[in-house]
J.: 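Provided herewith is a single structure, encoded as structure tokens, for subsequent inquiry.
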Amino acid sequence: MALGHGKDEDRSTEAETDGMPRWVKGFIVVAVGVVIVLVLAALLTGGQHSPGRHSGAGPVGNASQTLAEAGAVHPAVEAW
Amino acid sequence: MTLGVRRPVLVVHIICSVGWIGAAIAYLALGVAAQVSPQAAVVRAAWIGMELTGWFVIVPLGGLAFLTGVVLSLITRWGLLQHYWVVIALVLTTTAFAVLVWHMPDVSALAAIARAGDDAATTRLGGDVVHPALGILVLIVVAVINIYKPRGLTRRGRARQQERRSVPDLS
């Protein structure tokens, strides 16, 4: 959200037309389409979701449980 | 708010936002390496690198970019909910950061398996490509919106504009 100032900011005081701009409507349509595709993809893969799932390694399940089972956490991460 | 306050916040915001994109691209490179490499050592190193990069670079940069973005909107006349481009940038940034924080424990879990598992188990882990690729796409969209700042006032923004016009200019 790089919000500038000066000339750019002065535009905020300019008169603007009522209603939602066309670019916002187009953006919302595309965003809804992308969300639907992602939801369908998640449903088609059985609702499981993890990095390994995308690569065919299977779901990692409960992360903390898997960490405990693996018995190894990087010292830096553990300390943090 | 004075320029002396806004500019340092803007500098931090730009550094963190651009750094977030760069770190995500580096993460994607590691994710692709783990995905395509048949060597367990490469997959292991990539997952350890992804875990460290994620927790110690991407998450802090993302958090700072989000926070400084909100602060900037509040201390400038753009406002947080007055312009559609600010609202959309806020929603996308919030979503990207939330997915990142939600995703990282799984990365840690797989990194732990890579660290402790045998070569066969490590090679089967594969990589992480979809999440960083989508994240980078979202961050680039946010960057483009922030630079172009397309016009459009929200209902709240139009109300604020009317208020400002109704106040007589005494300067």
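Labels below follow one simple rule: chain letters A, B, ... track the order of the sequence lines, proteins then strands, and each chain is numbered from 1.
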J.: Quick one: what part of V9(B) sits under 4.5 Å from any heavy atom of chain A, side chain, backbone, both or neither?
T.: neither
J.: Are M104(B) and V129(B) co-members of a hydrophobic cluster defined by side-chain heavy atoms under 4.5 Å apart?
T.: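 Yes, because V129(B) and M104(B) connect within a single hydrophobic cluster, where side-chain heavy atoms sit under 4.5 Å apart.
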J.: Give the minimum heavy-atom separation between R158(B) and G19(A), together with the two atoms involved.
T.: NH1-N, 3.4 Å
J.: Should V24(A) and V87(B) count as side-chain neighbours, where that means a heavy-atom distance under 4.5 Å?
T.: no
J.: Strictly distance-based, threshold 3.5 Å: is any side-chain N or O of W23(A) a donor or acceptor partner for the main-chain N or O of R151(B)?
T.: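 Between the backbone of R151(B) and the side chain of W23(A) there is a qualifying donor-acceptor contact (under 3.5 Å).
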J.: For residues 26-33 of chain A, give me every residue with a non-hydrogen atom less than 4.5 Å from any non-hydrogen atom of chain B.
T.: F27(A)
J.: Grouping I, L, V, M, F, W and Y whenever their side-chain heavy atoms are under 4.5 Å apart, do I58(B) and I21(B) come out in a common cluster?
T.: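 Yes, I58(B) and I21(B) fall within the same hydrophobic cluster.
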J.: Are L64(B) and L52(B) linked, directly or through intermediate hydrophobic residues, by side-chain heavy-atom contacts shorter than 4.5 Å (ILVMFWY only)?
T.: no
J.: Which heavy atom of G152(B) sits nearest to which heavy atom of P21(A), and what is that distance?
T.: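 Here G152(B) and P21(A) meet closest at CA-CG, 3.5 Å.
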J.: Using the rule that Ile, Leu, Val, Met, Phe, Trp and Tyr join whenever any side-chain heavy atoms are under 4.5 Å apart, tell me whether L137(B) and W102(B) fall into a single cluster.
T.: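 No, because L137(B) and W102(B) fall into different hydrophobic clusters, even though each may have its own neighbours under 4.5 Å.
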J.: Is there a chain of hydrophobic side chains (I, L, V, M, F, W, Y, each step under 4.5 Å between heavy atoms) that links I15(B) to I25(B)?
T.: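 No, because I15(B) and I25(B) fall into different hydrophobic clusters, even though each may have its own neighbours under 4.5 Å.
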